Every structure is written in structure tokens, then in C-alpha cells.
There are 2 protein chains.
Amino acid sequence: MTARIQASSSVPVRQSSVRAHNLALVLQTVATSENPISRAFTAAATGLTRATVSALVDDLIAGGLLVERDPAPRSGAGRPAAGLALAPDGAYGLGLEINVDYLAACVVDLSGQVRHRVVTYADQRLGSWETALTRLAELAAFPGASGAALAVPGLVSADGIVRVAPNLGWQNIDAATVLSEALGMPVAVDNEANLAALSELRAAGGRPTFGYVSGEIGIGAGLVLDGALYRGVRGWSGEIGHLPVHPDGRACRCGARGCLEQYAGQEALLRAAGVAALADLPDDADLGEAGAALGIALAGVVNLLDLDTIVLGGIYGPLLPRLLPGIERELRQRVLTFDLAPITLRAAALGADAAMRGAAESVIRSVLDDPAAFLGRA
Amino acid sequence: MTARIQASSSVPVRQSSVRAHNLALVLQTVATSENPISRAFTAAATGLTRATVSALVDDLIAGGLLVERDPAPRSGAGRPAAGLALAPDGAYGLGLEINVDYLAACVVDLSGQVRHRVVTYADQRLGSWETALTRLAELAAFPGASGAALAVPGLVSADGIVRVAPNLGWQNIDAATVLSEALGMPVAVDNEANLAALSELRAAGGRPTFGYVSGEIGIGAGLVLDGALYRGVRGWSGEIGHLPVHPDGRACRCGARGCLEQYAGQEALLRAAGVAALADLPDDADLGEAGAALGIALAGVVNLLDLDTIVLGGIYGPLLPRLLPGIERELRQRVLTFDLAPITLRAAALGADAAMRGAAESVIRSVLDDPAAFLGRA
DNA sequence: CTCAAATAATTCAACCATTGAACAAATCAT
DNA sequence: ATGATTTGTTCAATGGTTGAATTATTTGAG
């Protein structure tokens, strides 16, 4: 656990924290630039002096996080700049995902490029949780990653223990410890919707506050508020599938009535269309009920959190065009500020890989957020 | 606008930022202590050295924010400590509130003590908004405050403009500019529920994540997430009164159907009891419908945000015992994690003064959060 | 009563990170 | 070729924290 600089924290700050912060600032400035950029431009963009940027860049190059490249061509006089870019082999993040019918792993480099990707399809409910985690660790035996994160369809507490994963039949499984021993690196565990939301942060283009809704058998949401994933008091935020949309409506497996899941979950969609699998869903299937239910739930979310962007992923991604009329009708009617400002609804950029990619990117993000910690132990 | 130290911000950090941060750290350590504490204890509590704490304390005393007092008596040998405490006259925050039937103002000192308090009752809808703000400025003519904040029952955007305040009949009123000119000090404007939530932060006792629900003619919520007020993308978060609880139910003045306000707002409560004013509400009035509606809405909020504490204020404070059965029944049934961890429901500590007090405390909080900025211009 | 132990607070040299100005390097335009 | 221009580095100065030494003040034991 490393001390981070933040407002109103109870941690003292010393000169080394200043360096840690500015190191991250420079690294992120380079990371968010499309093309290689010069030290001078980085100085101008960050507000630091060129002298300081040079010193920080020296550290980052020595630590293998940045490399010098040919810069984007520039017109005009002056000494040509040396371009700075993220090192292609600076650090790797291992992203893991376990779900009802597949195991998946991928390796992502500093720039977000996927270097490896493996998926094996098999019903994970048939074997024990030990078997599933062992198989996943074998699958993910890529050397060189500096950390890993696992996406799980369930409630995960802050210590990495999977409290409940109904569709896997898991309860109180310490997946973090098991996997970190098997893989020999630190492993974080998080809810799939949370990690999928993180993967959309890059695609969100400077919008640091949005909601990500993941439609699967259950429905989860990941909330990115003011640039950071909001996890809730115990890490159980985003259970949008059990928002009451018709309080006296259909009985839900959770024991309540009228939960969103009963109207817009995968099983409800299939039932309404009278088919057995998503692939059988006819193009003209009526998704009005699901769209309306989603709209009612999202209207509540927007009224409460004042979001201007909602990203729909999982099965909702490809179905979005047919869900949109129902969602928009309810939002227009029920969101108090609908006439004051628009709400953007869009499909997730990464599709089915979102959670796994988000897991890998969360590792990369921790390096970009605190390069000093990474360099310190390298 | 002062540069603040925070994680992943795009602002460079220099030595002066270190001092600013540690100054705040020391001041807040003293502020949160019950009794006067020594420099040595402050050093141990913050992790700074005694030498640094002494230097920082010198600045804070010179700037009038701290004073030396007799410390709490201590047993054992050794040189006696000099006690440090917030200066009673170090800074004052002016809290303002405008509502349908009253204007109010108060002055709060650094330690949160109320030094002045004025309330005048009159229907603010009868006059113009200029009249109301002028009257409020006259009421609040206490000299010496270092800033003010105004609580308004409506949507306020980040620039301090009141976009809509339906019960006042206001639209696009630049209350911040008008009041800051009249009072000769910076004036922040915010939603009443947001500021009321802030006033409960002190009473929340180390719980930095909770929801505050304010029952009035409308119903608003203030969300304190991870220690900070969450305002949303445009500052319009917390419109819990228009969460859909019975989507096909009663028509609401907002144009939608089944909003919480139609079942648990003040007018709905009075209508259900068949009385004209809150004071006429019989002790045995049936509040079951309102409690259930609140429970349905709050279940959604808790499922989404994983809150463990909800504070009920406004008219709900005194009525809480009679609302609780209905709320708890719905929460028990509908909150997915109800069996995993308890949810605390409690009445607001400050009652009707909450918003005004929160406004004043927000000014104080800005001094405690950034004493360097305060000292710099003093 | 005296002195040692203990605790609080201050002083000061050393250290560390940023700054700003001067300087060196490399290119373009005339 | 030469001057203008931009990039990147060097270095003394500045400002902030640290840690050790020092001073200040009290308690308790002999």
C-alpha cells in the first residue's frame, strides 16, 4: 500500500511525494498524446519547467516506461525535438475473467494494445471453484506481467473475496489469494461491470463521469464518477439489476418483486421473444418492454446522479438500436432535467471483451497513476 | 482558484503545494480533536516531524487560525505541552437560506459554533427575486465573515446560477453575483439538500459515504461519497423526488407518473391524512404509503450506490419513527445485500437549520481544507 | 533538596525537488 | 554563411522537510 497524494487526505506530504506526483503527471501527459511529443511540449502542457520535465523524463526512460522516438514532423525553425512515447515493453497488465460459460485472459501493454488473448468456453458451474481458478491460472501463464486483475460476475468486497456470485454458485471465495499464489504476482478482484466501465474510460473521451450498464444473465452497472470508479462503502455498488421498476410486478430470484432484471435481463428478453438463445432472437423481436424497463431504471439513476452519458454493454451493445426507443421515451418523460441538457446513450466500444480488457487496463492504470511505486521496486 | 494537491490531477506540484497540504493536515488534526492537543501529539498523529509541525503551527497561529490554550491535563513526567485549538475568532462562515416561507442567515465560527442566527418568516413567492435577495442581504449584514454560501430549493449549476427553483418560481437567477455584490464577499450557491448533507458530515462520525434525504414540498437528496459531496456532471444530482416508484401511478407536476414526490412529498402526506398543515397531522396518521414509497426509492439508491447510512431530514426527521416500518420492510425485501450488512437509518441531527448550517460550514470547510489560500490573502 | 528521567518544543545543518537563467545544440530562412 | 528560433541541459538559488542536537520544564526517587 503506497501513500498517494490527495486532497484532504490524512497522509503527510514530503518532497518525494512531489516527485511521485509530477512523475505521474508527465507520464500521463505522454500517455494521452496521440503522437510522440517533445519534452518542451510536455512542459508547456503540464505547467512544469523544461528543466524539471527533462529530469523526470530521464527517470522514466531509465525505468523503462518511456522511450525516445521520432516525433511528429513539425514545420518552422529550431532544433528538432526528441519524441517521447510510452515504452512498448515498459509494463504489462494481465486481465482475467471468469464467467458462467467461459474463462478468458489477456495481456495489455502500457499503451493499451492487446498483446495476448485467450478464451476457452466451458460451463464453469460443472466443476469446483478450485478447478476453475487453476484452469484460469494455467491459461494465463504469460510471463512478465507486473500485476493482474480478475473480473467476476458477483459481489466482491474490498479484500478481494468474492462474497456472492450467484451464476457461478460461489460464496466467500478468496480468489485473490489463490490466484496471486498461482501466478506469482499481485491479483486484484473486482466486479465485471466495474472493470468494464473502466475499459470505457479510455473511449469516453474526456468524460470522467458516466454509467456503464452491463446486460448479461444479471444486469450490473459500473459507475465512473469524477474520473474514478465508485465502488460504494463495501464495494457492492452498481446492482442496477435489482432496482425496482414495477414494485408489484414479477417475482425475482432475489426475493423481491419487479426488479429490472425480470424485464430486461437476458432470460426475460428470451422469454418475451419465445426463443432459447440470443442467436435465435429474430431481427424484428419486440424489445419494447425491456427498453421501457431500462428507461425507468436509468431515469432514476440519472435523476439521482446527474449523468450525461450512459454506455450500454454486454448483450445490450448489439441490441441497442432496438432498445433505444423505449429507453428514450421513458428518459424524456421521467428525467427532470431532460429539457435542460442532453443525455448521450451509446453502445460499449469493446463488446464482450470489455471486462477482461478493463481488468488488464486497471493494472496498467495503476502503473500510470503511480510510476514512482513501479520504478521503486523495478 | 488555487491549485490543490490531488491524485491524478493535471496540475503540477511544487514545494509550496507541499506546505499547503501539510498546513491543512495540521489544522484538520487540531480541528477534529475534542480537546486542545500538543504539537508533539499532532506530529505523531500526522506522521510529520515535530520540527515541521512547530513551523506549520507558527504559521497558523500567526494567521489567526490556531491559538494556544491550556491542554488537557496529563499524568507523568516531562515538560507540559502547550495546547493547540482552533481560534474562536479565526474565521467566520456566513450561511444563507431562502425557501418558500422564510429567509434565514447564520454565522458559524471555525469550530462550528453558531455565533448569530436570524430567521424571518414571509412568503417569498409574493415578491420578486430581487426583493428576496435584497432582504436576505440586509438580514445577513454581519461583518467579518470570510465568505458565504446560499442554500436554494432548486437546481443550481456550477457557476452559481439558479436554473430552476419551482417552489420559488425562479428561473436562471444569478443569485451568486447579486449577493456577492450586496455583501462584499464571495458567495457560493448550492442546492439545499447538498448543503444539508454537508452539515451532517460532522455528525456522521467518520462515515464519509452516506445519503441525506430532505423532505419538504419537494424531496431532495445530498450524496456524500468517499468524503466529498457528489454534485453530478452539471450540479443537478440528488433529484430523488422524481425517482419512479410506481411507473404507472399518479401524475406528477414534472410531467411523469409515479414519482416519489407524489407518495412521500409534503403535499402527499397531508392529502393522505386529510389535513391542511403539518401541525394538524394526528399522531396516529397512517404514513404507510409514504414509508413504502420511500423504501422503494431508497432500495434503488442503496442497490446502486452501496450506502450503509441514510440520514432523513426536513419533515422526515420528526416523522421518522412512523415512516421507519414501511421503509425497512421495503429495504429488507429489495436491497440485494440486506442480509450481508446492515443499513443505518437515522434522523438528521440539525433539523430545520441543516441547510443553512451546512452552507455556513461549507465556508468554514473551505478554510480548513486550504488554509494556505486563506492565509495568503489575509 | 537535589538530581536523574522524561517529555515538549526549538534550532540548525543536510537533503531534496523545483525554478529560472544561462548555455549548448540543431535546424530553418534569408 | 549567418541570424533567428526552438529544444534540451547545466547549475546556483529557493523553499520545504528531516533528523539530530539542544533547550525548557516537569515528575519522581533517593
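Everything numeric in this text was worked out from a predicted model, so none of it was measured.
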Interatomic distance where CG belongs to Leu60(B) and P belongs to dA9(C) [whole Å]: 15 Å

Least distance between heavy atoms, Val224(A) atom then Ala197(A) atom: CG2-CB, 4.1 Å

Touch class at under 4.0 angstrom, heavy-atom based, for Ala55(B) against every strand present: nothing

Separation of atom CZ in Arg19(A) from atom C1' in dT17(D), rounded to whole Å: 16 Å

Atom-to-atom span, CD of Glu68(B) to P of dT25(D) - whole angstrom: 13 Å

Given DNA chain C, 5'-ward residue of the pair Pro80(A) and Gln15(A), judged by closest heavy atom: Gln15(A)

Flag, side chain of Glu200(B) to backbone of Ala349(B), donor-acceptor distance under 3.5 Å: yes

Base dA26(C) paired with Arg79(A) side chain (donor-acceptor, <3.5 Å): no

Rounded interatomic separation in angstrom, taking CG from Leu84(A) and P from dT7(D): 12 Å

Donor-acceptor contact present, side-chain Ser17(A) to main-chain Arg14(A), <3.5 Å: yes

Whole-Å gap separating P (dG15(D)) and CG (Leu56(B)): 16 Å

OP1 or OP2 of dT18(C) under 4.0 Å from side-chain N/O of Asn22(A): yes

First of Gly78(B) and Ala82(B) reached from the 5' end of DNA chain C, by closest nucleotide: Gly78(B)

Residue-phosphate contact under 4.0 Å: Ser54(A) side-chain N/O, dG8(D) OP1/OP2: no

Test item: Ser54(A) side-chain N/O and Ala51(A) main-chain N/O as donor-acceptor pair under 3.5 Å: no

Closest non-hydrogen atom pair, Leu225(B) against Thr209(B): C-OG1, 3.9 Å

Backbone of Val233(A) reached by a side-chain donor or acceptor of Asp306(B) within 3.5 Å: yes

Any Arg14(B) side-chain N or O less than 4.0 Å from OP1/OP2 of dT19(C): yes

Heavy-atom closest contact (Asp109(A) atom, Pro88(A) atom, distance): CB-O, 3.6 Å

For DNA chain C, the residues among residues 34-51 of chain B that have a non-hydrogen atom under 4.0 Å from it: Ser38(B), Arg39(B), Ala40(B), Arg50(B), Ala51(B)

